[in-house]
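Here the structure comes first, spelled out in structure tokens, and everything after it is commentary.
Keep in mind that the numbers below use all heavy atoms, side chains included, and drop hydrogens, waters and symmetry copies.
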2 protein chains.
Amino acid sequence: MTVEAESLTATFTALADPTRRAILARLTRGEATVGQLAEPFDVSLPAISKHVKVLQKAGLIEQTRRAQWRSCRLRPEPLRDVVTWMEQYRDFLGDSLDRLDQYLADLQKGDRP
Amino acid sequence: MTVEAESLTATFTALADPTRRAILARLTRGEATVGQLAEPFDVSLPAISKHVKVLQKAGLIEQTRRAQWRSCRLRPEPLRDVVTWMEQYRDFLGDSLDRLDQYLADLQKGDRP
DNA sequence: TTTGTACTTTCCTGTGTAGTTAATTAACCG
DNA sequence: CGGTTAATTAACTACACAGGAAAGTACAAA
């Protein structure tokens with residue numbers, strides 16, 4: 001398997017869990033510690049810690065240590081890789097996806113926010 | 001979990017396997033029987049049959065029976081749901097993703113190819 | 001009606017993963 | 001230092017899943 005394919009596997013595996021998707025959604029509202037991430041869920045802290053690890057391995061989040069807190073932050077690359085992967089279904093999903101094409105072209109030009 | 005979230009879980013689970021992603025990619029080049037799908041892979045037919053079943057449950061493919069052959073065809077909805085889910089990361093992935101917004105708006109209007 | 005073709009299902013094995021509690025590490029604070 | 005807080009690691013259970021071999025199903029053709 002190619003490198004990209006392996007990372008896609010890790011990304012989709014990470015996204016396949018509802019708790020992990022909820023963690024990602026939470027992180028769009030800003031950084032959070034593992035404890036803060038765990039709060040809304042009815043599972044133990046170790047369980048969340050493991051989810052965070054899976055997300056980290058997939059490159060979807062980045063953890064920085066500040067004192068005894070681990071602050072988690074979203075990383076965009078794997079989601080962009082998913083968009084890139086979806087590219088091959090452009091014709092299939094419809095011509096409107098050409099707009100996604102344009103988006104990807106902009107990305108390649110380094111046209112970032 | 002909501003219905004959409006459950007179907008997203010099934011979709012991402014299906015996409016998390018490289019063999020299944022390869023099967024989907026093959027199907028962009030047209031319909032194929034299970035036997036034809038199995039050909040490029042170094043695994044048994046029952047293994048492929050099970051992969052097909054997972055893809056089917058996720059709604060990513062549709063099987064129609066013709067004599068003793070099962071012809072498989074791609075279904076677009078789950079991939080569109082993934083695009084919709086990615087929507088929430090628009091700000092995060094960059095303003096260029098506004099174009100994806102437009103694509104989704106078109107979809108809602110029933111503006112299909 | 002037997003034989004062959006195209007799968008699918010069943011049963012089994014090994015491996016991965018989600019969850020738990022309890023123990024451990026790491027850093028800060030009095 | 002000792003205690004507290006934040007999070008990870010360890011050890012375990014339960015279950016899902018990828019794979020194979022072998023048996024079963026469904027249709028076609030001789």
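As a whole-Å value, the separation of A/Gln63 CD from D/dA7 P is 9 Å. What separates CG of B/Asp17 from P of D/dA16 is a distance of 18 Å, to the nearest Å. The separation between A/Phe12 atom CZ and C/dG16 atom P is 21 Å, rounded to whole Å. B/Arg21 has its CZ atom 12 Å from the P atom of D/dA18, to the nearest Å. In this structure, the CD atom of B/Gln68 is 12 Å from the P atom of C/dT8, given to the nearest Å. Protein atom NZ of A/Lys53 is 8 Å distant from nucleotide atom C1' of D/dT8, rounded to whole Å. Rounded to whole Å, the distance from CZ on A/Arg20 to C1' on C/dG19 is 12 Å. For A/Ile48 and C/dT17, the CD1 to C1' distance is 15 Å, given to the nearest whole Å.
For D/dC17, the OP1/OP2 oxygens have no side-chain nitrogen or oxygen of B/His51 closer than 4.0 Å.
Among the nucleotides D/dA11, D/dT8, D/dA21, the one closest to the side chain of B/Lys50 is D/dA21. Considering only the side chain of B/Arg65, D/dA26 comes nearest among C/dT8, D/dC17, D/dA26. Comparing atom distances between the B/Ala67 side chain and each of C/dC28, D/dA21, D/dC27 picks out D/dC27 as nearest.
Minimum interatomic distance between A/Ala16 and B/Thr9 (heavy atoms only, all atoms of both residues): O-CG2, 3.1 Å.
As judged by a 4.0 angstrom heavy-atom cut-off over every strand, A/Gln36 is placed among residues making no nucleic acid contact.
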